[in-house]
Amino acid sequence: ASNGSGDYVIAFSTAADLRIPHSSKEKTTTSVLLLNDETSPLFMAAIEATEEAIINSLFAAESMRGDGGRMVEKLPVAEILALPEFKIKN
């Protein structure tokens, strides 16, 4: 996802500055918005946070027995961390 990629992204914010009042003495409101061309870093941050959450959940998962006794083993963390791709480079 990046600006102009054609991907659809839905975002929600709890920022008080972005709330539109139901009623007000004023007839108009002014908001500060991120320009369209500046959204790519925001998209990348969301993508990286999602990727990190998925990886964390895979590494924290436990083995389980499902429907019909089907067994799903947990990720072999030690084996994965021993792979060359996971070696920390100084």
Side-chain angles (χ1 to χ4, degrees):
S2 63
N3 181 40
S5 68
D7 296 326
Y8 287 96
V9 177
I10 298 173
F12 298 91
S13 175
T14 58
D17 293 345
L18 295 178
R19 294 183 189 146
I20 300 171
H22 179 68
S23 60
S24 174
K25 295 177 188 176
E26 303 297 322
K27 295 190 184 278
T28 62
T29 184
T30 302
S31 297
V32 176
L33 301 173
L34 186 64
L35 294 174
N36 193 51
D37 288 343
E38 304 304 322
T39 57
S40 290
L42 182 62
F43 292 158
M44 283 307 303
I47 290 165
E48 290 173 7
T50 303
E51 178 184 23
E52 183 72 17
I54 292 168
I55 291 169
N56 287 343
S57 69
L58 288 171
F59 273 71
E62 295 293 328
S63 296
M64 62 176 278
R65 188 168 306 281
D67 186 43
R70 180 174 291 153
M71 185 69 181
V72 178
E73 298 294 333
K74 68 180 183 177
L75 199 64
V77 175
E79 292 175 34
I80 290 172
L81 293 177
L83 294 172
E85 304 88 72
F86 288 93
K87 297 291 183 199
I88 297 174
K89 297 175 185 175
N90 293 330

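Fair warning: this is a prediction, and the values are worked out from it, not measured in the lab. Start at 1 with the first residue, then count along the sequence.
The minimum heavy-atom distance between Lys74 and Glu62, with the atom names listed, is CB-C, 3.6 Å.
In this structure, the separation between CD on Glu73 and CE on Met64 is 11.5 Å, given to the nearest 0.5 Å. Atoms OG1 and CD, from Thr28 and Glu26 in turn, are 6.5 Å apart once rounded to the nearest 0.5 Å. Put simply, CG on Leu75 and CD1 on Ile80 are 3.0 Å apart, with the number rounded to the nearest 0.5 Å.
Environment of CD1 in Ile20: sparse, with no more than 12 heavy atoms of neighbouring residues, nucleotides or ligands closer than 6.0 Å.
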Given Ile54 and Phe59, is the side-chain contact (heavy atoms from CB on, under 4.5 Å) satisfied, shown in steps? CA-CA 9 Å; Ile54 292 168; Phe59 273 71; over 6 Å; no
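Formation of a donor-acceptor pair under 3.5 Å by the Ser24 side chain with backbone atoms of Pro21 is not found in this model.
Leu83 and Ile55 fall within the same hydrophobic cluster, where Ile, Leu, Val, Met, Phe, Trp and Tyr residues are linked whenever their side-chain heavy atoms come under 4.5 Å apart, directly or through other members.
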